[in-house]
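Structure, as structure tokens:
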Amino acid sequence: MAMILAVTLVVGFFTAARWGTSSTLFESAVLGGVETAVGPSVAPIADHGGRLHLESDDVTGTAQLDKVAEEAAEVVEVTAATEADRVALAQRYGYSPRSDLVMDWSGAVAQDIAGAETVTVPLVGSDLPLTSKVSFVATAEGMTVIEMASGMLDDDHAAMTVWQDGTRTKDLVVANSEATENGAGVYSTGWSWSEFSRCLNNQGVNWAAITLISAACSLACVASAGFGCVACAVAVLGGASGTVSACAYLART
């Protein structure tokens with residue numbers, strides 16, 4: 001009995017030491033065996049043809065841009081040690097992308113946002129990398145995995161498909177409207193689309209990526225655990241958060 005107790009204590013010690021710097025919510029969701037599809041959910045949205053079609057200026061108005069800025073401002077970076085542990089836990093979770101894209105674990109980023117602990121992994125193989133990613137989102141309710149895969153259809157149309165916990169929930173196409181093409185749209189309550197777009201373009205972000213991010217912030221979704229719109233939050237996580245936040249600040253007139 002004493003030997004068994006000693007072995008148990010030693011195993012427990014090394015397990016705690018290995019994940020000692022990881023985040024409680026993320027560790028609980030992965031190691032505690034919490035089922036997926038318990039956390040925030042994304043409502044299925046698609047037209048009868050299978051895709052929701054949107055014009056860029058329909059989803060880049062004041063309300064949507066404000067939501068993008070608010071979500072980006074909520075993103076908090078974590079320490080390198082926490083990030084390393086959290087990324088290892090996300091790999092252990094064993095999610096396989098539903099798109100034909102490949103997860104680039106070397107570019108994974110761990111962040112916190114609005115009571116959730118996240119790991120965002122870029123998807124390789126898309127011409128819209130900023131909006132192609134897998135995000136592991138751990139809350140007190142469990143783990144939710146959101147996958148976004150985007151790509152250009154032609155010079156003026158882009159598409160995004162969203163999966164939640166392996167289930168396809170959104171298919172949408174955005175078109176480059178005349179206002180976006182001209183960069184002339186100036187929206188009320190302090191938003192300048194032209195300045196926002198110019199800033200993003202200077203950072204290598206084209207109209208399609210920001211329109212898809214804005215679309216994710218304008219479509220209906222169900223939230224829980226203090227989360228904002230989970231699709232919007234995931235859209236700005238990873239490499240997008242700092243760029244979007246900085247450009248949103250500059251775009252306020």
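To the nearest 0.5 Å, atom CG of residue Leu172 and atom OG of residue Ser150 are 8.0 Å apart. For the atom pair Leu200 CG and Asn206 CG, the distance stands at 9.5 Å (nearest 0.5 Å). Once rounded to the nearest 0.5 Å, the distance linking CZ of Phe26 with OG1 of Thr118 reads 7.5 Å. In this structure, the separation between NZ on Lys170 and CE on Met148 is 7.0 Å, given to the nearest 0.5 Å. Separating the CG atom in Leu237 from the OG1 atom in Thr120 is a distance of 4.0 Å, to the nearest 0.5 Å. How far CE of Met160 is from CG of Leu212: 4.5 Å, rounded to the nearest 0.5 Å.
Electrostatic pairing of Arg198 and Glu195 counts as a salt bridge here, judged by a charged N lying under 4.0 Å from a carboxylate O. Between Lys133 and Asp104, no side-chain nitrogen of the basic residue sits less than 4.0 Å from a carboxylate oxygen of the acidic one, so the salt-bridge criterion is not met.
In terms of heavy-atom proximity, Ala72 sits nearest to Ser241 at CB-O, 3.9 Å. Listed here is the closest heavy atom pair of Ser99 and Trp163: CB-CH2, 3.8 Å. The two residues Arg86 and Ala110 have their closest heavy-atom pair at CD-CB, 4.0 Å. Of all non-hydrogen atoms in Thr82 and Thr79, the two that sit nearest each other are OG1-OG1, 3.0 Å. Of all non-hydrogen atoms in Phe136 and Val145, the two that sit nearest each other are CD2-CG2, 3.7 Å. Taking both residues in full, the closest heavy atoms of Asn201 and Trp207 are given as OD1-N, 4.2 Å, listed atom of the first, atom of the second, then distance.
Formation of a donor-acceptor pair under 3.5 Å by the Asp112 side chain with backbone atoms of Gly115 is not found in this model. At distances below 3.5 Å, at least one donor-acceptor pair connects side-chain atoms of Ser132 with backbone N or O atoms of Leu128. In this structure a side-chain-to-backbone donor-acceptor pair under 3.5 Å is missing from Asp171 to Thr161. With Thr169 contributing its side chain and Val162 its backbone, the two residues share a donor-acceptor pair below 3.5 Å. A donor-acceptor contact shorter than 3.5 Å links the side chain of Glu117 to the backbone of Leu25. Judged by distance alone, the side chain of Gln111 and the main-chain N or O of Gly238 form a donor-acceptor pair under 3.5 Å. The backbone N or O of Thr24 lies less than 3.5 Å from a partner atom in the side chain of Ser28, making a donor-acceptor pair. Although no hydrogens or angles enter the test, the distance criterion places no donor-acceptor pair under 3.5 Å between the side chain of Ser135 and the main chain of Val137. Under the 3.5 Å distance criterion, the side-chain polar atoms of Arg168 are left unmatched by any main-chain donor or acceptor of Gly166.
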TODO: With side chain to side chain contact (heavy atoms under 4.5 Å, CB included) as the test, would you mind laying out the steps for Val109 and Val119 before giving the verdict?
DONE: CA-CA 6 Å; Val109 177; Val119 168; over 6 Å; no

Open item on the list: Thr144 vs Ile146, test: side chain to side chain contact (heavy atoms under 4.5 Å, CB included). Steps then yes/no.
Closed with: CA-CA 7 Å; Thr144 298; Ile146 303 290; 3.9 Å; yes

- [ ] I would like to know whether Val236 and Val75 meet side chain to side chain contact (heavy atoms under 4.5 Å, CB included); could you show each step before the answer?
- [x] CA-CA 8 Å; Val236 301; Val75 177; 4.2 Å; yes

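Annotation: Asn202, atom CG; neighbour count of heavy atoms from other residues, nucleotides and ligands within 6.0 Å is above 12.
A heavy-atom distance below 4.5 Å is not found between the side chains of Val121 and Leu123. The closest side-chain heavy-atom distance from Val205 to Thr243 is below 4.5 Å. The shortest side-chain heavy-atom distance between His157 and Asn176 does not fall under the 4.5 Å cut-off.
With no hydrogens or angles considered, no side-chain donor-acceptor pair links Thr211 and Ser214 at under 3.5 Å.
Taken together through direct or relayed side-chain contacts under 4.5 Å among Ile, Leu, Val, Met, Phe, Trp and Tyr, Val124 and Trp105 form parts of separate hydrophobic clusters. Linking ILVMFWY residues whenever their side-chain heavy atoms come closer than 4.5 Å, directly or via other members, places Leu31 and Met143 in the same cluster.
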